[in-house]
Amino acid sequence: MKLLIQNASYIASNGEKKQSDILIEDGVITKIEENIKTAVDRKIDGAGLLTAPGFIDLHIHLREPGGEKKETIATGTLAAARGGFTTVAAMPNTRPVPDTKEQMDWLMQRIEDTAKVRVLPYASITTRQLGKELTDFHALKQAGAFAFTDDGVGVQSADMMLQAMQLAAKENMAIVAHCEENTLIHKGSVHEGDFSKKHSLNGIPSVCESVQIARDVLLAEAAGCHYHVCHISTKESVRVVKDAKRAGIHVTAEVTPHHLLLSEDDIPGLDANYKMNPPLRSASDRDALIEGLLDGTIDFIATDHAPHTAEEKAAGMELAPFGIVGLETAFPLLYPHLVKKNVLTLEQLIDFLTVKPAEAFGLPLGKIEIGATADLVLINLNEERSINPEEFLSKGKNTPFSGWDVSGWPEMTIAGGEIVWEKGCVTA
């Protein structure tokens, strides 16, 4: 397909704001200049919109196979497209787990057959994510694994994690870690703090996360491995990652929109749509996450999109599963609450959703330039409306942001030169 975006306002790779036409041919940006004259399959009027690189989310849950009531590869990636994401990395806590070449082969074929945007599949570190036996890293890499993680559970054995890091380093692959020391969870459902005390709930202490990060950065140094911290949530964790980076250890970290915007003080009551793992921490933790993002300790933003059924979330704060959805609301939430409030610049926010995740994992994506893959999102920065979960394309409606008035809604998403979603219609 040959597309022409006319009057495109965008932020170039050198940080300059520009306005030009953008020509897309065979999935690649081939021209960026004013008043391009050529026959195309479709002209797109970009006047009044911001054209940005397609967003990259390296932490989502698509639930397929095994959890199709919550989400499928098709519905999750369509939700991603609506949110402006053109590349997503899917976590392996499915049933069955992608822990063998055969299962990874099946997953890759399913992605090819049903995904609306690019999906990078994680393979598990251990068989069935049980923490007892390492998977065949080489075979899984050959089958298409993006990186290795047991996301959803922390690898409890230091020896097993060291062995995993050594194998990953040999394959030039990353270890991506959900960090929890199981002996410190204490059957908690929320952060150990004011909210847990007020409602007599078991709390998950901050040290549950930070102590495992501290262990792992030293193991990563010993193994010479790229170690990535999922959904960092505490000020102690930020301090550990900052110190590790200063020591020259190859560690990267991500933070979610909900941990940047909410704290335990914002939980209105025993509403399980505010239950996620890691939990919403204190206001001082939230402030430390923002500071860590600004000073480079935290590398990028990822949603941890985790859909669940309404019935599951209705079980209440103690029994409901952890997790909220985030693909369709990430930019509209972050733009007014971080950019409009002068916490981040618009360029910084876009970088945290595009350039930074691409750089952290060596992906040739996230830029608007000649020769780049044509992954783009056109955003109406001025459109303001309320978040309505019933409008989500994801099967999951579990969000704490229902009813929030936000701005900066995507109007069209182009992935690999194909229009995969546009406002007013669903592209199959």
Step by step, would you call L107 with T94 a side chain to side chain contact (heavy atoms under 4.5 Å, CB included)? CA-CA 11 Å; L107 182 58; T94 53; over 6 Å; no

Check for a donor-acceptor pair, side chain of K313 on one end and backbone N or O of H308 on the other, with a separation under 3.5 Å. no

D285: which residues meet the salt bridge (Lys or Arg N to Asp or Glu O under 4.0 Å) condition with it, sequence neighbours left out? K235

Test item: K116 side-chain N/O and T77 main-chain N/O as donor-acceptor pair under 3.5 Å: no

Does a sphere of radius 6.0 Å around NZ in K367 hold more than 12 heavy atoms from other residues, nucleotides or ligands, not counting ones at 6.0 Å or beyond? no

Tell me whether the count of non-hydrogen atoms from other residues, nucleotides or ligands lying under 6.0 Å of CG in D295 goes above 12. yes

Given the side-chain rings of F195 and H191, with only the six-membered ring counted for Trp, is the space between their centroids under 6.0 Å? no

Can you confirm if the aromatic rings of H228 and F300 lie within a centre distance of less than 6.0 Å? yes

Restricting to pairs with a member in residues 75-129, which pass ring-ring contact (aromatic ring centres under 6.0 Å, His included), not counting sequence neighbours? F55-F85, Y122-F146

Hey, does I125 have a side-chain heavy atom less than 4.5 Å from the side chain of F137? yes

Check salt bridge (Lys or Arg N to Asp or Glu O under 4.0 Å) between R95 and all other residues, then give those that pass, not counting sequence neighbours. none

Below 3.5 Å, can you tabulate the donor-acceptor pairs from side chains in residues 407-416 to any protein atom, sequence neighbours excluded?
{"residue": "S407", "atom": "OG", "partner": "K340", "partner atom": "NZ", "Å": "3.2"}
{"residue": "E411", "atom": "OE2", "partner": "N380", "partner atom": "ND2", "Å": "3.2"}
{"residue": "T413", "atom": "OG1", "partner": "A81", "partner atom": "O", "Å": "2.6"}

Donor-acceptor contacts under 3.5 Å from residues 214-226 side chains, at least two apart:
{"residue": "R215", "atom": "NH1", "partner": "V155", "partner atom": "O", "Å": "3.2"}
{"residue": "R215", "atom": "NH1", "partner": "Q156", "partner atom": "O", "Å": "3.1"}
{"residue": "R215", "atom": "NH2", "partner": "V155", "partner atom": "O", "Å": "2.8"}
{"residue": "D216", "atom": "OD2", "partner": "Y227", "partner atom": "OH", "Å": "2.9"}
{"residue": "H226", "atom": "NE2", "partner": "T252", "partner atom": "OG1", "Å": "2.9"}

Return the set of residues passing salt bridge (Lys or Arg N to Asp or Glu O under 4.0 Å) with E181 (not counting sequence neighbours), or none when no residue passes. none

